[in-house]
Amino acid sequence: MLTVEASAVSVEGRLAAGDLCCPCCAGVLAGWGWARERVVRGPGGRLTRLRPRRARCRACKVTHVLLAVLALARRADAAEVVGAALAAAARGAGFRLAAAGLGRPPETVRGWLRRFAGRAEAVRVFFTALAAAAGPDPVMPAAAGSPVADAVAAIAAAAVAVAARWPELGEVPVWQAASAASGGLLLAPGWPPAGRNTS
Ligand SMILES: [Zn+2]
């Protein structure tokens, strides 16, 4: 899986131009049908239908789903909504309070927070490395008081560093940047991979 911008027109243009690279071998991706439609629940419960493009690598022949950055793999809620819950937890809110603020079921939000808390240190390390790689002079977050808060602070620092390094990306919302940097896998099993670089 690979994350791409939300605009389908722009994704088609990049596929046609040979501008998207295979995450396995860096070969050029070509369009290869579409994945099953999914519905993503955004802030305020607004629903967005996505029909992710599928692409196949011309070199290694592996197919990849091009997931829009507003979504996360295997999550029905938008990255921005999940991120708001994680940010609330970073400020000390429990799952019930975070869920009430977002109008989401407490059990759902508890699942996000548990998954994130279980990988908070690995997430912090991943995004701190990303901020450093985007450099040259990233503002490194100070210790925020809990592993979850430190991880959320590192994500925010990485988003700032990436925006400063590549201004042509325009303003990328923090949690869309987090989705993009994690390949949509922020809360998926097996992420972040140990030792993988963050290019
Ligand atoms: Zn490939």
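For ligands, and for the atoms within them, numbers begin at 1 and follow the listed sequence.
- A salt bridge links R41 with D77: the closest approach of a Lys/Arg side-chain nitrogen to an acidic carboxylate oxygen falls below 4.0 angstrom.
- Rounding to 10 degrees, one finds that the Zn ion (ligand 1) sits at the corner of an angle of 100° between C60 SG and C57 SG.
- The Zn ion (ligand 1) has no N, O or S atom of C24 closer than 2.8 Å.
- A donor-acceptor pair under 3.5 Å is formed between the side chain of R115 and the backbone N or O of L187.
- Taking the centre and axis of the six-membered ring of W32, the NZ or CZ atom of R54 falls outside the cone set by 45° and 6.0 Å.
- Vertex the Zn ion (ligand 1); arms to C25 SG and C22 SG; angle rounded to 10 degrees, 120°.
- At least one donor-acceptor pair closer than 3.5 Å links the side chain of T128 to the backbone N or O of R124.
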